[in-house]
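Shown next, in structure tokens, is the structure this report addresses.
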Amino acid sequence: FFATDSFTGRVLYTFTTENVVEVLTNPAYLLTVVRTVAVAVGVTALCVVLAVPLAAYIALVAGPRARPVLVALVVTPLWASYLVKGYAWRVLLSPGGPLGGFSPGYGWVAVVLTLTYLWLPYMVLPIYAGIDGMRGSYVDAAADLGARPWTAFRTVMVPLLGPAVAAGSVFTFSLSLGDYITVQLVGGTNQMLGNIVYSNFSTDLPFAAAVALLPLLVMAAYLLTIRRTGALERL
């Protein structure tokens, strides 16, 4: 809610709503919100598709000795540098990279794939914890009632995994919503809200702060939506 001196670039501590009005009414910024939310939703959905079978295998199929090893392997990528993983995917997805003609190139598909790889462990762990917590009670009860393993998983466990999935989505959705480095590495000429904040941070801090209100509003609405699932109690 401050202004910026157009000549010196210094922040003028006088109250104004111009930046907020510009951000909330300019179609270009609103379209960027839609694109950013779409990427965050796509990453979250893809993480769920990959995490559920992986977490189910670790919790239900793997033996007691293999289970902690598999969990450690899921967590291990988080120990590597964010930039190292980002540049690795930049090389992998480049037109002349290892994938050759199968590479989607740089763009939104590359952004979704890279972010999915980066945030997948945050989805696997809560889903694994949710399945592991049901393994000795609900699954056995379903088996006693004659349900086959797949039927028990589909009709009993999947409906009960909603809070676990929602808990994991808090991480995947919010981290994707605020990301700006991955888009710079593999997004080509595309931009997300984080890129606009980053590009204006050093030249027009009040405007960058106004843009940062948009992901905050989106995330607040998202948290209020999933609050009823009980997911926030699992974080």
Side-chain angles (χ1 to χ4, degrees), residues 1-2 15-52 54-55 78 82 108 111-112 114-134 138 156-183 187 190-198 200-201 205-235:
F1 296 100
F2 296 144
F15 181 83
T16 177
T17 59
E18 291 183 1
N19 292 322
V20 177
V21 171
E22 170 69 14
V23 167
L24 295 178
T25 59
N26 192 315
Y29 298 124
L30 297 179
L31 182 60
T32 304
V33 173
V34 174
R35 288 199 301 261
T36 303
V37 172
V39 168
V41 170
V43 170
T44 299
L46 191 54
C47 282
V48 172
V49 171
L50 296 174
V52 169
L54 177 58
L78 297 178
Y82 175 101
W108 291 121
V111 171
V112 171
T114 303
L115 289 176
T116 298
Y117 169 79
L118 292 173
W119 312 139
L120 181 60
Y122 293 105
M123 182 64 76
V124 174
L125 293 179
I127 293 179
Y128 164 74
I131 295 176
D132 189 62
M134 292 184 282
Y138 294 98
V156 178
M157 298 187 69
V158 170
L160 293 176
L161 280 179
V165 172
S169 71
V170 172
F171 296 102
T172 59
F173 185 84
S174 61
L175 291 171
S176 300
L177 193 71
D179 190 271
Y180 67 95
I181 299 177
T182 296
V183 187
N190 299 312
Q191 279 193 330
M192 294 171 63
L193 284 173
N195 300 105
I196 300 177
V197 175
Y198 176 76
N200 288 278
F201 180 80
L205 183 58
F207 181 75
V211 176
L213 284 175
L214 296 175
L216 286 176
L217 293 175
V218 171
M219 199 60 212
Y222 184 76
L223 290 175
L224 289 175
T225 301
I226 69 170
R227 182 182 180 183
R228 296 181 179 179
T229 66
L232 299 183
E233 300 176 0
R234 294 174 177 261
L235 298 181

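Here the structure is a predicted model, which means the values were calculated and not measured.
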*Counting only heavy atoms not in E22, do more than 12 fall under 6.0 Å of its CD?*
yes
*Taking the six-membered ring for Trp, is the centroid-to-centroid distance between F207 and F2 below 6.0 Å?*
no
Please tabulate, for the side chains in residues 45-52, all donor-acceptor contacts under 3.5 angstrom to protein atoms that are two or more places apart in sequence or on a different chain.
none

*What is the minimum heavy-atom distance between G187 and N190, and which atoms define it?*
O-ND2, 3.0 Å
*For T182 and V111, which heavy atoms make the closest approach, and how far apart are they?*
CG2-O, 4.2 Å
*Heavy-atom side-chain proximity of V124 to L120 below 4.5 angstrom*: yes
*Write down the atom of A28, the atom of T32, and the distance for their closest heavy-atom approach.*
O-OG1, 2.9 Å
*How long is the span from the CG atom in D132 to the CG atom in L125, to the nearest 0.5 Å?*
12.0 Å
*Heavy atoms, side chains only, cut-off 4.5 Å: are M192 and N195 in contact?*
yes
_Under 3.5 Å: donor-acceptor pair, side chain of T36, backbone of L193_ = yes
*Compare all side-chain heavy atoms of N19 with those of F1 and state whether any distance is below 4.5 angstrom.*
no
Could you pull out all donor-acceptor pairs under 3.5 Å where a side-chain atom in residues 161-170 meets a protein atom, sequence neighbours excluded?
{"residue": "S169", "atom": "OG", "partner": "A166", "partner atom": "O", "Å": "2.6"}
{"residue": "S169", "atom": "OG", "partner": "Y222", "partner atom": "OH", "Å": "2.5"}

*asked:* Test side-chain contact (heavy atoms from CB on, under 4.5 Å) on L213 and V23; report intermediate values, then the result.
replied: CA-CA 9 Å; L213 284 175; V23 167; over 6 Å; no
_If I take atom OG from residue S174 and atom CG from residue D179, how far apart are they, to the nearest 0.5 angstrom?_
11.0 Å
*If we only count heavy atoms from C-beta on, is the Y198 to V211 side-chain gap below 4.5 Å?*
no
*Taking all atoms of both residues into account, what is the closest heavy-atom pair of I127 and A55, and its distance?*
CG2-CB, 3.6 Å
*With side chains defined as the heavy atoms from C-beta onward, is the minimum distance between L24 and L214 less than 4.5 Å?*
yes
*Compare all side-chain heavy atoms of M123 with those of T44 and state whether any distance is below 4.5 angstrom.*
yes
*Between I196 and Q191, which heavy-atom pair has the shortest distance, and what is it?*
CG1-OE1, 4.1 Å
*Taking all heavy atoms of W119 and all of S176, pick out the closest pair and write down the distance.*
CD1-OG, 3.3 Å
*Donor-acceptor contact present, side-chain N200 to main-chain V197, <3.5 Å*: no
